Peer 1: 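Take this structure, written in structure tokens, and hold onto it; I'll ask about it next.
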Amino acid sequence: MVKPIVHEFNSQQELIAAASDLKARGIHEDNLYVLSHEKDDTKDIAHDADVNTIGLKEEGLGTALSNVFESRGDELRNKMTELGLSDVEADQYEKKLDMGKLLLFVKEEDKVNTLP
């Protein structure tokens, strides 16, 4: 599994603009995932940006079921490790989510140059 590139944003508008830019540069929306601390916010942003959430397909049934019984922080870390981040990276990014950051994961890193 190729580790995704993770980009941090302070606002939904910044993330949506970056996702649009990536898609315009040839990154397929199937390779773009959004994550925020709140589930409803994640779904809304994913819908508005036309990107994915980290769901059953990425997590697998076992992780998805165990997430039902986990704290939100554990659930977020599990989702990030299922995308290919290490436990340490997932912990660092989960702390950023706690601070209100929005994360965009990009799986086709070879096609990504830089984001604003």
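Worth saying up front: this structure is predicted, and the values here are computed from it rather than measured.
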Peer 1: Can you measure from CZ (F9) to CG (L102) and round to the nearest 0.5 angstrom?
Peer 2: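 Output value for this atom pair is 8.5 Å.
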Peer 1: With sequence neighbours excluded, what pairs up with D87 under the side-chain contact (heavy atoms from CB on, under 4.5 Å) test?
Peer 2: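 Result, side-chain contact (heavy atoms from CB on, under 4.5 Å) vs D87: T81.
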Peer 1: Starting from the C-alpha separation in whole Å, work towards a yes-or-no answer on side chain to side chain contact (heavy atoms under 4.5 Å, CB included) for K101 and Y93.
Peer 2: CA-CA 9 Å; K101 296 286 186 183; Y93 283 117; over 6 Å; no
Peer 1: Compare every heavy atom of A19 with every heavy atom of V51, then report the nearest pair and how far apart it is.
Peer 2: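 Scanning both residues completely, I find the closest heavy atoms to be CG1-CB, 3.9 Å.
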Peer 1: Is it true that a side-chain atom of E14 and a backbone atom of N10 form a donor plus acceptor pair closer than 3.5 Å?
Peer 2: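 Yes; judged by distance alone, with no hydrogens or angles, the pair exists.
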Peer 1: Check for a donor-acceptor pair, side chain of D98 on one end and backbone N or O of H37 on the other, with a separation under 3.5 Å.
Peer 2: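 Flag not set: sc D98 to bb H37 has no pair under 3.5 Å.
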Peer 1: Does F105 reach the side chain of H7, with side-chain heavy atoms less than 4.5 Å apart?
Peer 2: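 No - every pair of side-chain heavy atoms lies 4.5 Å or more apart.
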Peer 1: Quick one: pull up CG in N78 and CD in E82 and give me the separation to the nearest 0.5 Å.
Peer 2: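 Separation between the atoms: 7.0 Å.
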Peer 1: Rounded to the nearest 0.5 Å, what separates atom CG in L35 from atom CD1 in I45?
Peer 2: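 Answer rounded to 0.5 Å: 9.5 Å.
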Peer 1: Judged by modelled atom types alone, do T42 and S36 share a side-chain donor-acceptor pair under 3.5 Å?
Peer 2: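 Note: T42 and S36 side chains meet the donor-acceptor criterion.
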Peer 1: Side chains of N52 and E29: is there a donor and an acceptor less than 3.5 Å apart?
Peer 2: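 No, E29 and N52 have no side-chain donor paired with an acceptor closer than 3.5 Å.
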Peer 1: Hey, does Y33 have a side-chain heavy atom less than 4.5 Å from the side chain of K107?
Peer 2: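 A side-chain contact under 4.5 Å exists here.
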Peer 1: Who passes salt bridge (charged side-chain N to carboxylate O under 4.0 Å, His left out) against E89, sequence neighbours left out?
Peer 2: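 Scan of E89 (salt bridge (charged side-chain N to carboxylate O under 4.0 Å, His left out), adjacent residues dropped) gives K3.
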Peer 1: Return the NE2 to CD1 distance between H47 and I16, rounded to the nearest 0.5 Å.
Peer 2: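 Here the rounded value is 10.5 Å.
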Peer 1: Return the OG to CG distance between S20 and L32, rounded to the nearest 0.5 Å.
Peer 2: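 The distance works out to 10.0 Å.
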Peer 1: When rounded to the nearest 0.5 angstrom, what distance separates NZ in K95 from CE in M99?
Peer 2: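 Between K95 NZ and M99 CE, I get 10.0 Å after rounding to 0.5 Å.
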Peer 1: What residue among L97, V6, D91 forms side-chain contact (heavy atoms from CB on, under 4.5 Å) with M80?
Peer 2: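 The passing option is L97.
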Peer 1: Can you spot which of D74, I54, T53 makes a side-chain contact (heavy atoms from CB on, under 4.5 Å) with K79?
Peer 2: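 Passing option: I54.
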Peer 1: Is there side-chain contact between V106 and N31, with heavy atoms separated by less than 4.5 Å?
Peer 2: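 Not touching, per the 4.5 Å side-chain cut-off.
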Peer 1: Counting N and O atoms only, with roles assigned by atom type, does the side chain of K96 sit under 3.5 Å from a partner on the main chain of L103, one being a donor and the other an acceptor?
Peer 2: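 No, K96 side chain to L103 backbone: no donor-acceptor pair under 3.5 Å.
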